[in-house]
Amino acid sequence: MGSTPPVFIGAEEVEKHLHRASLLLPALEAALANFSAGAAGGVVQPVRTVLPVPRHGGYLGVMPAYSAADDALTTKLVTFYEHLKDSSVPSHQATVLLFDPSNGTLKAVLDGSVITAKRTAAVSAIATKLLMPAFAEVLCILGAGVQAYSHYDIFTELFTFKEVRIWNRTKERAVKFASCVSGPVRVCSSAQEAVTGADVIVTATMATAPILSGDWVKPGAHINAVGASRPDWRELDDELMKNSVLFVDSRDAALTESGDVILSGAEIFAELGEVLKGTKPALPEKTTVFKSLGMAVEDTVAAKFVYDAWSAGN
């Protein structure tokens, strides 16, 4: 008797079960709190291994995790390339492998790109719920790629903004974004124009040098910094990093992987999980930055959610 072959759950199927990223919020909040609880939280997760592909200017990341609370074991394989010559190829492509933790059998291979987009936006939404100013009216998104769309979807579902603005390095993509999403979006001709007066800012770019200046940011605004996932890449300048209260998903990851944190020398105030556990305050009255690098345990709970929903339907 052979073992049951793993199921393949493709992008459309993952999208069907994760049609709203907000479905992941309870599981992600629990996972973030468990991660920040240390060994007692039952999350086992090393900092991701990143392998450069120097000939082609890309990277392969490997992100394994086990969550005892969910009894779920996964690893994500993710590539990230800046495709300057062929923008039809996504900058990030990913696959998540879900194992049976009791015996190591591979149960499912899931499209990881949709999972990454949805769980990243959901974690930014958790940070925003905790850290944004009390009367937030203007949302600004810098970047017009996959993460811009996923952030727009969950932010406009969960929060009420009077205005949404977008800026992108190539204006055509910003115009396309504005025409594709469900509500009105103002396309801005510069990052400074987009950011000025904004209450909540999302940076989701492939920038390697700062595109957001602390000079432009309204005091008390909240920034979700999603791009710049390498130790020598930046999205935010030193002034913003040093004059904000800095929250991260993982201290270890931020001090290893985030150029915004490492190169600015900014002090990390708290992990998001510490705020969720109540061991650190949120400080929404201050100017806050959530530096998101994305954690393997976020992929683990999202993959288990999708697999359980798929199994229930089959």
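Keep in mind it's a predicted model, so treat the numbers as computed, not measured.
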Step by step, work out the side chain to side chain donor-acceptor pair (under 3.5 Å) result for H222 and N224.
-> CA-CA 7 Å; H222 170 63; N224 297 290; 2.9 Å; yes

Hey, is the main chain of A148 close enough, under 3.5 Å, to the side chain of H151 for a donor-acceptor pair?
-> no

Without swapping roles, check the side chain of R186 against the backbone of A194 for a donor-acceptor pair under 3.5 Å.
-> no

Which other residues belong to the hydrophobic cluster containing V248, where Ile, Leu, Val, Met, Phe, Trp and Tyr are joined when side-chain heavy atoms lie under 4.5 Å apart, directly or via other members?
-> L142, W167, V195, I201, I211, L212, W216, V217, I223, L236, L240, M241, L246, L255, V261, I268, V289

Salt bridge (charged side-chain N to carboxylate O under 4.0 Å, His left out) between K291 and E257, worked out = CA-CA 11 Å; K291 178 59 213 170; E257 299 176 12; over 6 Å; no

Assess whether atom NZ of K286 is packed by more than 12 heavy atoms of other residues, nucleotides or ligands within 6.0 Å.
-> no

As an exercise, state the distance from [atom1] of [X] to [atom2] of [Y], rounded to the nearest 0.5 Å.
X: T288; Y: L283; atom1: OG1; atom2: CG; value: 8.5 Å
X: T75; Y: M63; atom1: OG1; atom2: CE; value: 8.5 Å
X: T4; Y: L106; atom1: OG1; atom2: CG; value: 11.5 Å
X: Q45; Y: S67; atom1: CD; atom2: OG; value: 10.0 Å
X: N314; Y: Y307; atom1: CG; atom2: OH; value: 9.5 Å
X: E193; Y: C140; atom1: CD; atom2: SG; value: 10.0 Å

Determine, for [X] against [Y], whether the closest basic-nitrogen to carboxylate-oxygen distance falls under 4.0 angstrom.
X: E271; Y: K277; result: no
X: K118; Y: E15; result: yes
X: K304; Y: D70; result: no

Evaluate the ring planes of F161 and F155, with Trp represented by its six-membered ring, and classify them as parallel (under 30°), tilted (30 to 60°) or perpendicular (over 60°).
-> parallel

Take N168 and T170, measure what side chain to side chain donor-acceptor pair (under 3.5 Å) needs, and give me the verdict at the end.
-> CA-CA 5 Å; N168 192 64; T170 51; 3.1 Å; yes

Test item: side-chain donor near acceptor, [X] and [Y], under 3.5 Å:
X: E274; Y: S36; answer: no
X: K76; Y: T300; answer: no
X: D100; Y: S102; answer: yes
X: N103; Y: T105; answer: yes
X: S113; Y: Q93; answer: no

Please walk me through it: do E235 and T203 pass side chain to side chain donor-acceptor pair (under 3.5 Å)?
-> CA-CA 7 Å; E235 284 188 313; T203 61; 2.7 Å; yes

Same apolar cluster (I L V M F W Y, side chains within < 4.5 Å links), F99/M295 = no

Residue pairs, two or more places apart or on separate chains, that pass ring-ring contact (aromatic ring centres under 6.0 Å, His included) and touch residues 27-75 = Y59-F80, Y59-W233

